[in-house]
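So the structure is just underneath, and the comments pick up after that.
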Amino acid sequence: MQRLNKSFFERPTLEVSKDLLGKILKVGKCSGRINEVEAYIGQNDPACHAARGKTERNKIMFGPAGHLYVYFTYGMYHCANIVTEADGFPAAVLIRSIEPLEGKELMKKRRGKKDNLCDGPGKLCIALGMTKESHNGLKAEVFDDNFAPGKIKSSPRIGIKVGIDKKWRFFY
DNA sequence: GTCCCGATTCTA
DNA sequence: AGAATCGGGACT
């Protein structure tokens with residue numbers, strides 16, 4: 001089990017996105033294997049929160065790679081990203097789904113369910129206990145246990161109305 | 001200050 | 001298909 005360092009995240013976002021599949025995300029006592037992500041890249045990507053420059057909400061995206069960008073949306077959910085690329089370049093990988101590994105009981109308690117604990121960006125934040133207040137800006141803990149994911153597929157990103165021409169959602 | 005809407009999820 | 005629910009960001 002090797003922890004991924006800044007150099008892993010400080011690369012082109014599409015590469016980092018695909019390489020994150022199969023890796024283990026750890027948050028507190030819970031962890032899970034990443035099986036679905038999306039890339040949001042820079043000011044020319046209309047779907048990226050940073051498309052119109054730096055704001056109080058998205059400033060973490062402009063910071064160092066490997067940190068968590070957690071934001072609140074739809075009045076009730078949080079979404080978690082991991083910042084990529086060089087300092088000053090706003091880009092990140094949205095973690096859309098993970099397969100629960102450690103801490104399943106805690107996840108079930110937080111979700112109030114025993115199935116579908118982490119199969120969605122809002123759900124996994126609830127299961128892992130991530131909020132912008134507690135986790136935005138912290139360093140992400142991601143590990144490589146040499147697991148080899150199956151064939152990686154791609155599609156347009158989910159839930160957006162612009163930038164749907166880009167197939168920047170990756171899963172396996 | 002006001003207004004619109006969202007990188008979602010759950011229920012019907 | 002529609003509701004829930006509220007903060008961010010654009011701008012009348």
Side-chain angles (χ1 to χ4, degrees), chain A residues 9 11-21 23 25 27 30 32-85 88-100 104 106-138 140 142 152-172:
Chain A
F9 298 100
R11 296 184 294 141
T13 307
L14 295 180
E15 290 181 21
V16 177
S17 298
K18 287 178 270 194
D19 289 347
L20 272 176
L21 293 175
K23 302 297 189 290
L25 174 65
V27 179
C30 300
R33 194 178 302 285
I34 299 168
N35 52 32
E36 182 184 351
V37 301
E38 284 177 1
Y40 289 88
I41 312 174
Q43 309 214 28
N44 291 326
D45 173 8
C48 180
H49 282 175
R52 300 183 193 184
K54 185 191 283 188
T55 67
E56 181 59 30
R57 178 176 65 156
N58 66 28
K59 62 183 181 185
I60 298 298
M61 289 184 89
F62 288 77
H67 288 240
L68 291 168
Y69 167 45
V70 183
Y71 67 90
F72 185 66
T73 190
Y74 288 109
M76 59 188 102
Y77 296 110
H78 287 272
C79 291
N81 302 248
I82 302 178
V83 177
T84 57
E85 314 237 12
F89 186 93
V93 178
L94 169 70
I95 309 300
R96 284 196 63 85
S97 175
I98 67 175
E99 171 200 347
K104 289 184 194 173
L106 181 52
M107 293 185 195
K108 290 176 186 172
K109 183 180 175 184
R110 285 171 171 154
R111 289 271 295 124
K113 308 195 173 178
K114 58 179 171 52
D115 295 305
N116 301 328
L117 300 174
C118 300
D119 59 337
K123 298 182 199 177
L124 73 87
C125 280
I126 295 172
L128 296 175
M130 281 194 290
T131 66
K132 73 173 194 291
E133 289 79 13
S134 62
H135 289 79
N136 191 35
L138 299 185
V142 187
I152 294 175
K153 304 171 192 174
S154 67
S155 82
R157 293 167 291 181
I158 305 293
I160 57 175
K161 293 178 175 169
V162 293
I164 51 181
D165 53 311
K166 301 173 176 65
K167 295 171 70 169
W168 287 354
R169 168 177 174 250
F170 302 99
F171 55 102
Y172 68 88

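This one's a predicted model, so the numbers in the text were calculated from it and none came from an experiment.
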Practice problem: Measure across Gly137(A) and His67(A) and return the closest heavy-atom pair with its distance rounded to 0.1 Å. | Solution: O-ND1, 2.8 Å

Exercise. Look at all strands and tell whether Ile160(A) reaches a base, only sugar-phosphate, or nothing, counting heavy atoms closer than 4.0 Å.
Key: sugar-phosphate

Practice problem: Mark up nucleotides 6-12 of chain C, 5' to 3', with B wherever a protein heavy atom is under 4.0 angstrom from a base atom, S wherever such an atom reaches only the sugar-phosphate, and - elsewhere. | Solution: BSSSS--

Quiz prompt | Least distance between heavy atoms, Ile34(A) atom then Ile95(A) atom | solution = CD1-CD1, 4.2 Å

Self-check item: Sorted by number, the residues of residues 163-172 of chain A with heavy-atom contact under 4.0 Å to DNA chain B
Solution: none

Quiz item: At their closest point, which heavy atom of Ile60(A) faces which heavy atom of Val83(A), and how far apart are they?
Solution: O-CG2, 3.5 Å

Exercise. Under 4.0 Å from any atom of DNA chain B, heavy atoms only: list the residues of residues 108-119 of chain A that qualify, in numerical order.
Key: Arg111(A), Lys113(A)

Quiz item: Does a side-chain heavy-atom distance below 4.5 Å link Tyr40(A) with Asn58(A)?
Solution: no

Exercise. Kindly compute the distance separating CD1 (Ile82(A)) from CG (Leu25(A)), expressed to the nearest 0.5 Å.
Key: 6.0 Å

Exercise. Would you give the length of the straight line joining atom CZ of Arg111(A) to atom CG of Asn116(A), rounded to the nearest 0.5 angstrom?
Key: 7.0 Å

Quiz item: Hey, what do you get for NZ (Lys167(A)) to OG (Ser155(A)), rounding to the nearest 0.5 Å?
Solution: 7.5 Å

Quiz item: Run the side-chain contact (heavy atoms from CB on, under 4.5 Å) check on Tyr77(A) and Ile126(A) step by step: do they pass?
Solution: CA-CA 8 Å; Tyr77(A) 296 110; Ile126(A) 295 172; 4.2 Å; yes

Exercise. Apply side-chain contact (heavy atoms from CB on, under 4.5 Å) to the pair Asn136(A) and Tyr69(A), showing each step before the final yes or no.
Key: CA-CA 5 Å; Asn136(A) 191 35; Tyr69(A) 167 45; 3.7 Å; yes

Practice problem: Indicate yes or no: at least one non-hydrogen side-chain atom of Arg157(A) is less than 4.5 angstrom from one of Arg96(A). | Solution: no

Quiz item: Listed in order of residue number, which residues of residues 34-44 of chain A have a non-hydrogen atom at under 4.0 Å from DNA chain B?
Solution: Tyr40(A)

Quiz item: If every non-hydrogen atom of Ala39(A) is compared with every non-hydrogen atom of Leu14(A), which pair is closest and at what distance?
Solution: CB-CD2, 3.8 Å

Quiz item: On DNA chain B, which is the earliest and which the latest nucleotide, 5' to 3', with an atom closer than 4.0 Å to a heavy atom of chain A?
Solution: dG6(B) to dC10(B)

Exercise. With side-chain contact (heavy atoms from CB on, under 4.5 Å) as the test, would you mind laying out the steps for Lys153(A) and Phe171(A) before giving the verdict?
Key: CA-CA 5 Å; Lys153(A) 304 171 192 174; Phe171(A) 55 102; 3.7 Å; yes

Quiz item: Hey, are the side chains of Leu20(A) and Phe9(A) touching, using non-hydrogen atoms and a 4.5 Å cut-off?
Solution: yes

Exercise. Look up atom NE2 in His78(A) and atom NZ in Lys132(A), then write down how far apart they are to the nearest 0.5 Å.
Key: 6.0 Å

Exercise. For dG2(C) versus dC5(B), give the span between their C1' atoms, rounded off to a whole number of Å.
Key: 16 Å

Exercise. Check the pair Met130(A), Leu124(A) against side-chain contact (heavy atoms from CB on, under 4.5 Å), reporting the backbone distance first and the verdict last.
Key: CA-CA 8 Å; Met130(A) 281 194 290; Leu124(A) 73 87; 3.9 Å; yes

Quiz prompt | Nearest-0.5 Å distance that lies between atom CG in Leu94(A) and atom NE2 in His49(A) | solution = 9.0 Å

Quiz item: Starting at the 5' end of DNA chain C, what dot-bracket string do you get if Watson-Crick and G-U pairs under 3.5 Å are bracketed, crossing pairs use [ ], other-strand pairs use | and unpaired bases use dots?
Solution: ||||.||||||.

Quiz prompt | Heavy-atom closest contact (Val162(A) atom, Ala47(A) atom, distance) | solution = O-CB, 3.5 Å

